[in-house]
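Protein chains get the first letters and strands the later ones, always in sequence-line order, with residue 1 at the start of each. Just so it is clear, the structure is predicted and the values come from calculations on it, not from any experiment.
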Amino acid sequence: ERGGNNSFTHEALTLKYKLDNQFELVFVVGFQKILTLTYVDKLIDDVHKEFRDKYRNEFQQKGTLGLLNGTFDFKDDFMRLLRDAEESSKVRAPTVMKTFEQSLKSQKTVKCMIETRGEKPKEKVKNKKNKGSKKEGPEAVAVPGKASAGDKQPSAAGEREELTKDEILQKNREEFFKRHMKAGEKSSKSPKPEAQKEKGKKPRVWDLGNSNAKVLDYSNSATNGSAEACPVEEFDPDIALGDRNREPGRLYDLEYESDDEAEEEKVIQNPSKPSAKKGGLGGMFGMLKGLVGSKSLTREDMDPVLEKMKDHLIAKNVAAEIAVQLCESVAKKLEGKVMGTFTTVTSTVKQALQEALVQILQPQRRVDVLRDVMDAQRHRRPYVVTFCGVNGVGKSTNLAKISFWLIENGFSVLIAACDTFRAGAVEQLRTHTRRLNALHPPESHGGRTMVQLYEKGYGKDAAGIAMEAISYARNQGFDVVLVDTAGRMQDNAPLMTALAKLIAVNAPDLVLFVGEALVGNEAVDQLVKFNKALADHSMAQTPRLIDGIVLTKFDTIDDKVGAAISMTYITSKPIVFVGTGQTYCDLRSLNAKAVVAALMKA
Amino acid sequence: AMAGGLEPHLEALRRELRAPGPALLSVLLALLAVAITLLIWRFVQGRRSSRKAVLLLGLCDAGKTLLFARLLTGKYRDTQTSITDSSAVYRVSNDKSSNVTLIDLPGHESLRLQFLERFKAAARAIVFVVDSVAFQREVKDVAEFLYQVLVDSTVLKNAPALLIACNKQDVTMAKSAKLIQQQLEKELNTLRVTRSAAPTSLDGSATGGPAQLGKKGKDFDFSQLPMKVEFVECSARGSKGEEGDADFEGLEKWLAKVA
């Protein structure tokens, strides 16, 4: 589902890949990260085309057994393609710098290097001319128009025998500009006669300057002033005016492109595909063609559908950038795929999107809290869970719900009140503890208190309290420690540092990020910044990041469940619990299919 | 008057039935033909659609794709982590010489459930491939995946035969099938408690499914499952290296039995 980006970096290697969805092939090229190879994309495209054309029959006819039994001897072709790609990239390599011998400076004597006013300007000018012409030499791509212009320029300057220092400076400047303009034009690879035109610049007139007007005259003495010297542009009235048939003076409306044109476009494209159409009859039958017969999907077909799906997702509260990335990856996955009969583009795209969404929501590693608690029990150490999140998302409430669930399953819980900032935080947890103990009195659990609160009042260091709580739990034999932290904004650097310190020092077994389902684009920012803070401030080689997400206030959103997608996409971690209310029983686990169904519902 | 009016009609009907005219006869015959065709079609459909697929499931790097290639071609193939399914028809070597469709599914965590969903309805038998060498390390993940396969409602309904193939027996450190069976039973015993105790799902259905694996009071045992479970040892690579054949007679025999 993250197929939008086609390159991947791992240690010193970068991998770029290309998918062929029609034959289900993947082409991967790997190269060292430090090298910036310009021909990689072209190489992979060429390899793809050759391989596909060469073995097309085998793919189409023989199926899986053919793939298993067949030999694909591609090595020679690949080496040839690699050599071609390398050659082509060398031609476009940047120009090699001149060596010192080649440069002009070594040819000048020391004496003439000393600048004296007015003395020997001729040599300098001549050298400039040489320099100009020499520069043209080593360059591989010689543009004849430019060379002539270049030669002409210094020669014109060389006519002036006596030049003062200022004039030399100005001459240099002018040449500098012209050279740069030439370089720019060369890269576009079209010899333009404009180099000559530039000389026809009018001289600058400074009111306050008292220098000679003649000196400031940059124009070419030969061509200045005469009107015929200006190369007359070929004035083609048709091109300039455009549509001759329009009424003069009338402003026309913007033309609206109808769907027929789109159909015709499809028809034009399709004959180029060998595997597609049998009998194109014109735009009218385009729609029918789409239903029957095998048609491979192109980007243009999918774009309107994807746009609509993207807007639909954003309307369902999925973060905007995530919706864009999702649609991008679906497009990449479907491009070139052959559709079956009687399937429309819309249905194919919808199904692919649905699969991608389900895949996002179904975690790669399922977090089974009870299983892990049992493991920790066996090792006689408490299982530590830390709750973090921004202000007001429901950390304390859901902490109480989770401790109720744990007690129901027979584990004893110690609640560590590490929220030492918010007024009433400790009292809130004390009330919860009292209630839970009333619901599960010690008598019904073999005489031991199932829930206990560990608190040290307000204003103390949270990390220290957490550490003490964990060692207390170990001594007293509690099974689980739930650590409640203060809510903090992701931009608040000192508080983020404090949280990272708490987690790095105490090394909890599970770090849960509590986020509310009402959040929209903010979810992306919160999670990214939280993860970044945890990674930055941890001393260890592999930092502890967020392990799971608790999605709260789920009962307040109707079917705008997009926040679930945004959060799991950013972290790739599962949603462990879902909070659906304020009572102890309002704790659920996520059902991926139901959420996706609610998302895709129109 | 009504009865009087009805009488002649009834008489006419009785006369028709006794000596049916050609039109009525042909209509009746046509209806009969259609009914018989429908019955035959449904019967054939029922027999044909009965799952002819054998799925190869397992964790990543268990050896599914190599096993697949060996069964079909007998040759050793360098394999990569699968990202999509592969299927081919396999001719079983028994007296009936029937065919089954072998389907090799990817084992990667992000893909396995998706492909299982797609193919579980067509499964007549499931081969769950286990890496015997890495088993000690992976026992929790193996058990979790096996649990997910076993509690699936479609699988419980169809009860396809299950074979747990302990692969990679050519390596000296490989665990025996008996040990693997014991460990899996213990792990599944714990799992079914923790999974059924998980909070209920959003739309009300329990995450572990309404099914409870095995019997409640007793420890979990593979014999408590509705389907037939067997354990077999095999080696896709073969003890003689890449040129030799693979050692999986047990697997082949089981496939012959199942087909």
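- When heavy atoms are compared at a cutoff of 4.5 Å, A/K401 does not approach chain B at all.
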Carefully, step by step, assess A/D368 and B/L191 under the rule side-chain contact (heavy atoms from CB on, under 4.5 Å).
CA-CA 9 Å; A/D368 193 355; B/L191 262 184; 3.8 Å; yes
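- Using a 4.5 Å heavy-atom threshold, the side chains of B/T194 and A/M374 count as touching.
- In this structure, B/L111 CG and A/Q359 CD are separated by 5.5 Å, a value rounded to the nearest 0.5 Å.
- Heavy-atom neighbours of B/D152 CG from other residues, nucleotides or ligands within 6.0 Å: above the threshold of 12.
- Around the CD atom of A/E408, the shell of radius 6.0 Å holds more than 12 heavy atoms that belong to other residues, nucleotides or ligands.
- For residues 135-150 of chain B, every residue pair satisfying the salt bridge (Lys or Arg N to Asp or Glu O under 4.0 Å) rule, not counting sequence neighbours, is listed here: A/D375-B/K140, B/E144-B/R195.
- In this structure the side chain of B/R112 never reaches within 4.5 angstrom of the side chain of A/Q362, judged on heavy atoms.
- In this structure, B/R118 and A/E355 have side chains that are in contact, with non-hydrogen atoms separated by less than 4.5 Å.
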